[in-house]
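To start, the structure under review is shown below, and the notes come after it.
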Amino acid sequence: MKPVPRTALLCLAATVLLGGAVPGEAARLYRWKDKQGYTQYGDRPPEAGDLVDASVDVLRFQNTPSALVRLRLERSGLRYQAWADNLLHGPVEVRLGFKRNSNVIAQPFLPATAVVPARSSVMVASIAMRDPMRGGDFELSLDSLPGDPAADAQDYEYRLPFEYGRVRVDQGPGGSFSHNDTQNLYAIDFAVPEGTPILAAREGLVMQVESDFDKAGLNRERFGGRANFIRIVHGDGSMAVYAHLKPEGVQVREGQYVRKGQRIGLSGNTGFSTAPHLHFVVQVNRGMALESIPFRMFGPLGLLRFPSQHAETRPLGTAPAGRPGP
């Protein structure tokens, strides 16, 4: 997972809001009861022989693209207030700065950072003319990254993010292909067929999703930020990212609380990738910088031991950039 700061620009002369959410296409999720009476979910309708009765519910929901914040400027007397509006269901950190300025002063001095709680707004700075008798102008830049730098990640027993079975890891921690940077150092690439149900490895709140990308390749510039993913924020402020999901393979919505083991999506092969797999990483914000952290994961036989870069097999890629996230 390799997010880059999301940037919104705002000029004094003409207020321009960038990075606003645009409604995504509706996703469909089918729900039915099987012959044993258990509720099942799928991205396709069940076969008639799999039903205990004829009822199949079709659930539709909107997944918004992964805009992080919106920069907003309001006038208050002789001053201008610069606000950051957090569009996500989780905290973000922002950094406000001048791209250019003439005869203006900010309080606090810029660049300045602030943490904006989920679905909230924070005034980051107040801006005024140094000499009100002279003309002046300015242009602002607002960078943002998910997470609260004050988060204190706790030790936790993560479960395997798919049903137990044979586990193949095609790139482990420190993998030389794409797990050698700070944001992905402890990431795991699980080799799973496209369409494999993905389960929440830990309970939390769905903070960010992307589900509309449908292509993959090794051109980092073209595909680096175009993978489908789910970002879930946990109770301790850490965040798990499940990336490279199939088109419309997200089966949860932003703002939804999910339980450990709950089905959240379908694996795929989107973004900077060469074959179907699931990229799983746990990240924290270390102050306008995302950092992956080590984690303990358990399978049916106990603690899983992931291969180092010396033991890995064919690498499958990395997670999306900037939409992360990804």
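Everything numeric in this text was worked out from a predicted model, so none of it was measured.
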Path from [X] to [Y] over hydrophobic side-chain contacts below 4.5 Å:
X: Val192; Y: Tyr158; value: yes
X: Val122; Y: Met207; value: yes
X: Leu110; Y: Trp83; value: no
X: Ile264; Y: Leu160; value: yes
X: Met239; Y: Tyr257; value: yes

Do you know the tightest heavy-atom contact between [X] and [Y]?
X: Glu254; Y: Gln208; answer: OE2-CA, 3.7 Å
X: Glu210; Y: Val250; answer: O-CG2, 3.4 Å
X: Pro117; Y: Asn86; answer: O-ND2, 2.9 Å
X: Ala151; Y: Gly237; answer: CB-CA, 3.7 Å
X: Phe229; Y: Arg231; answer: CD1-N, 4.0 Å
X: Ala200; Y: Val258; answer: CB-CG2, 4.1 Å

Hey, does [Y] have a side-chain heavy atom less than 4.5 Å from the side chain of [X]?
X: Gln251; Y: Pro197; answer: no
X: Val233; Y: Ser238; answer: no
X: His89; Y: Arg119; answer: yes
X: Asp155; Y: Arg296; answer: yes
X: Pro149; Y: Thr113; answer: no
X: Asp148; Y: Val92; answer: no
X: Ser141; Y: Asp143; answer: yes
X: Val284; Y: Arg286; answer: yes

Point-to-point distance, once rounded to the nearest 0.5 Å, from [atom1] of [X] to [atom2] of [Y]:
X: Leu88; Y: Leu68; atom1: CG; atom2: CG; value: 5.0 Å
X: Asn101; Y: Glu139; atom1: CG; atom2: CD; value: 10.5 Å
X: Ser267; Y: His279; atom1: OG; atom2: NE2; value: 14.5 Å
X: Ile188; Y: Leu304; atom1: CD1; atom2: CG; value: 9.0 Å
X: Leu96; Y: Leu142; atom1: CG; atom2: CG; value: 5.5 Å
X: Phe280; Y: Ser292; atom1: CZ; atom2: OG; value: 11.5 Å

- Task: Name all residues meeting the salt bridge (charged side-chain N to carboxylate O under 4.0 Å, His left out) criterion together with Arg79; count only those two or more places apart in sequence or in a different chain, and write none if there are none.
- Result: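 Result, salt bridge (charged side-chain N to carboxylate O under 4.0 Å, His left out) vs Arg79: none returned.
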
- Give a yes or no on whether Arg259 atom CZ has more than 12 heavy-atom contacts from other residues, nucleotides or ligands under 6.0 Å away.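 No, CZ of Arg259 has 12 or fewer neighbouring heavy atoms, counting only those of other groups under 6.0 Å.
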
- Message: Counting only heavy atoms not in Leu78 (residues, nucleotides, ligands), do more than 12 fall under 6.0 Å from its CG?
- Response: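 12 or below, so no.
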
- Task: Please determine if Glu74 and Arg72 form a salt bridge, counting it only when a charged side-chain N lies under 4.0 Å from a carboxylate O.
- Result: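 Here Glu74 pairs with Arg72 in a salt bridge, since their nearest N and O are under 4.0 Å apart.
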
- For the pair Glu203 and Lys260, find out whether any cationic side-chain nitrogen is under 4.0 Å from an anionic carboxylate oxygen.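 No salt bridge links Glu203 with Lys260.
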
Backbone of [Y] reached by a side-chain donor or acceptor of [X] within 3.5 Å:
X: Ser211; Y: Gly249; value: no
X: Gln262; Y: Leu199; value: no
X: Arg95; Y: Gly97; value: no
X: Tyr242; Y: Val281; value: no
X: Arg75; Y: Tyr80; value: no
X: His244; Y: Thr270; value: yes
X: Asn285; Y: Gly147; value: yes
X: Ser120; Y: Ala118; value: yes
X: Asn228; Y: Lys246; value: yes
X: Asn269; Y: His277; value: no

- With a distance cut-off below 6.0 Å to the six-membered ring centre and an angular limit of 45° from the axis, does Arg202 pair with Tyr156 as a cation-pi contact?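 Yes.
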
- Query: For Ser121 and Asp85, does a side-chain donor sit closer than 3.5 Å to a side-chain acceptor?
  - Reply: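 A donor-acceptor contact under 3.5 Å links the two side chains.
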
- Verify side chain to side chain contact (heavy atoms under 4.5 Å, CB included) between Leu278 and Leu245, making sure each step is shown before the conclusion. CA-CA 7 Å; Leu278 173 71; Leu245 305 179; 4.1 Å; yes

- Query: Hey, mind stepping through Phe190 and Thr196 against side chain to side chain contact (heavy atoms under 4.5 Å, CB included) and telling me if it holds?
  - Reply: CA-CA 11 Å; Phe190 293 102; Thr196 299; over 6 Å; no

- Please report the C-alpha distance between Val124 and Val94 in whole Å, then the side-chain angles of each, then the deciding distance to 0.1 Å, and finally whether the side chain to side chain contact (heavy atoms under 4.5 Å, CB included) criterion is met. CA-CA 9 Å; Val124 184; Val94 299; 4.1 Å; yes

- For the pair Ile127 and Ile105, evaluate side chain to side chain contact (heavy atoms under 4.5 Å, CB included) and give the outcome as yes or no after the intermediate values. CA-CA 6 Å; Ile127 301 166; Ile105 187 171; over 6 Å; no

